[in-house]
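Here's the structure, in structure tokens; my notes come after.
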Amino acid sequence: MISTLDFYAKLPSFHDFNEVTQDTHFHPAPQDWVLVISDIRGSTKAIHEGRYREVNMVGAATFTAVINALPNLEFPFVFGGDGTTLLIPTARINETMQALKATQKMAQEMFGFELRVGLVRLDSLYKENTRLSVAKYEVSPGNFLAMFRGGALSKAEALVKSASPEAQLLRPDAQTASPNLEGLTCRWEPFATRKGVVISLLVQARGHGAQEQETYAKVIREINQIFGNDLSQANPIALANMKEKMVATDLGIEIRMNSRPGIQKVLTSIKLIFKSCLNYIFIEKNLKAGNFQGHSYKQEMIANADLKKFDDTLRMILDCTEAQAHQIGQVLEQLREQKEIYYGIHKSQGALMTCLVTDLQDGKHVHFIDGTNGGYALAATQLKSQK
């Protein structure tokens with residue numbers, strides 16, 4: 001077992017997502033770590049009210065606040081559109097809780113959202129013979145996405161949503177400060193489909209062990225074949241559909257998330273508007289500052305997008321022709337009828353990008369992709385209806 005605090009930092013990484021089903025890439029999570037489950041209650045209603053961008057950004061604020069609270073710790077997390085799953089060592093759980101309480105307070109005060117956050121200790125799950133393994137997928141040099149498997153996530157989510165005594169639910173209090181959301185931005189306009197439709201896809205295999213992993217491998221193979229074994233063709237993020245404005249359309253969301261009372265709100269607005277304008281000028285004019293160059297950053301964004309991920313659920317965002325989308329639907333429906341999978345698909349006319357920029361000079365930035373108008377969150381509704 002890898003030593004606890006350095007568990008994720010020292011994990012070996014893999015580079016080909018097609019290998020996500022291979023046992024050799026997954027390593028048991030230390031039992032003295034804690035699973036943190038977060039989601040926005042009533043998110044479906046907010047989505048139908050046209051507020052998915054707000055839902056998406058508040059969901060992303062959970063991992064951003066914790067990253068900033070634990071600057072010297074690498075930890076795994078997966079973002080699911082309206083919530084996040086994080087794995088945190090017990091030794092750093094107090095700072096984590098304060099950051100999450102601050103995010104809950106911001107979500108309620110600025111957006112009227114109830115951000116549910118629950119903690120479940122891995123040692124308690126392990127005593128019930130539930131396991132969690134972690135893999136580290138390198139999307140580009142120095143940029144990683146965590147992959148989870150083993151069943152512990154679904155068990156922990158059920159405990160949190162049922163308010164079980166085994167889950168510690170967080171509540172903000174009067175002394176709760178504001179979250180540090182430095183690095184979280186949403187300054188790109190939605191990426192319009194170039195092929196016809198963007199699908200947000202969720203797949204859960206039925207069965208266990210080797211059978212389960214073979215089912216996931218089969219789904220990945222079938223989808224790859226539909227795109228001529230070149231899934232990069234399905235990337236909804238491309239130079240041709242990158243659009244930004246001097247003052248980003250959704251900058252108001254970012255301002256609200258970072259606002260403080262009184263004069264600080266005005267100063268925050270000025271600061272973020274200035275940064276948005278500066279960002280636009282550097283990228284559009286291809287200006288250089290240190291190791292950063294505008295047009296190179298665009299290429300890095302394409303490489304650093306989290307289009308494919310796995311957390312006991314296969315998640316993909318794909319730009320397809322209508323024919324390709326139909327083929328994918330047929331493949332998944334056949335597997336469902338054969339009792340091999342549950343799945344959910346949400347179709348939209350574009351993709352959203354939420355950016356986490358930790359160090360532009362070193363190319364450390366990851367971009368979280370979801371379908372517009374509900375994306376993963378509405379795909380999950382279809383998946384749950386099949387169970």
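Residue numbers start at 1 and run along the sequence shown. Heavy atoms only: backbone and side chains are in, while hydrogens, waters and symmetry mates are out.
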Trace of the side-chain contact (heavy atoms from CB on, under 4.5 Å) decision for Thr372 with Val198: CA-CA 8 Å; Thr372 55; Val198 171; over 6 Å; no
Hey, are [X] and [Y] close enough for a salt bridge, meaning a charged N less than 4.0 Å from a carboxylate O?
X: Lys218; Y: Glu340; value: yes
X: Glu244; Y: Lys298; value: no
X: Glu254; Y: Lys275; value: no
X: Asp123; Y: Lys127; value: no
X: Glu128; Y: Lys155; value: yes
X: Glu74; Y: Lys10; value: no
X: Asp39; Y: Arg116; value: yes
X: Lys243; Y: Glu189; value: no

Derivation and outcome, salt bridge (Lys or Arg N to Asp or Glu O under 4.0 Å), residues Asp23 and Arg149: CA-CA 10 Å; Asp23 294 342; Arg149 81 179 196 191; 2.3 Å; yes
Report yes if the side chains of [X] and [Y] come closer than 4.5 Å at any heavy-atom pair, otherwise no.
X: Ile67; Y: Thr64; answer: no
X: Leu73; Y: Tyr8; answer: no
X: Thr354; Y: His367; answer: no
X: Ile273; Y: Leu251; answer: yes
X: Asp312; Y: Gln204; answer: no
X: Leu125; Y: Arg121; answer: no

Verdict with supporting geometry, Met57 and Leu184, side-chain contact (heavy atoms from CB on, under 4.5 Å): CA-CA 8 Å; Met57 282 292 285; Leu184 179 63; 3.9 Å; yes
Backbone of [Y] reached by a side-chain donor or acceptor of [X] within 3.5 Å:
X: Glu182; Y: Thr358; value: no
X: Asp319; Y: Gln233; value: no
X: Asn304; Y: His365; value: yes
X: Tyr216; Y: Ala205; value: yes
X: Glu333; Y: Glu337; value: no
X: Arg256; Y: Met110; value: yes
X: Thr130; Y: Tyr126; value: no
X: Ser164; Y: Glu166; value: yes
X: Lys136; Y: Ala9; value: yes
X: Thr176; Y: Pro172; value: no

Short side-chain donor-acceptor distance under 3.5 Å, Asp370 and Tyr52: yes
Between Asn279 and Ser276: side-chain donor-acceptor atoms closer than 3.5 Å: no
Charged tip of Arg336 within 45° of Tyr342 ring normal and under 6.0 Å: no
All side-chain contact (heavy atoms from CB on, under 4.5 Å) counterparts of Val20, not counting sequence neighbours: Phe14, Phe17, Phe26, Met147, Ile220, Phe310
Heavy-atom closest pair, residues Tyr376 and Met316: OH-N, 3.4 Å
Minimal non-hydrogen separation, Ile237 against Met242, with atom names: CG2-CE, 3.9 Å
Lys288, NZ atom: more than 12 neighbouring heavy atoms under 6.0 Å: yes
Lys195 atom NZ, neighbour heavy-atom count above 12 within 6.0 Å: yes
Check: residues 77-87 side-chain donor-acceptor pairs under 3.5 Å, at least two apart:
unit_1	atom_1	unit_2	atom_2	d
Asp82	OD2	Ser43	OG	2.8
Thr84	OG1	Gly59	O	3.1
Thr84	OG1	Thr62	OG1	2.9

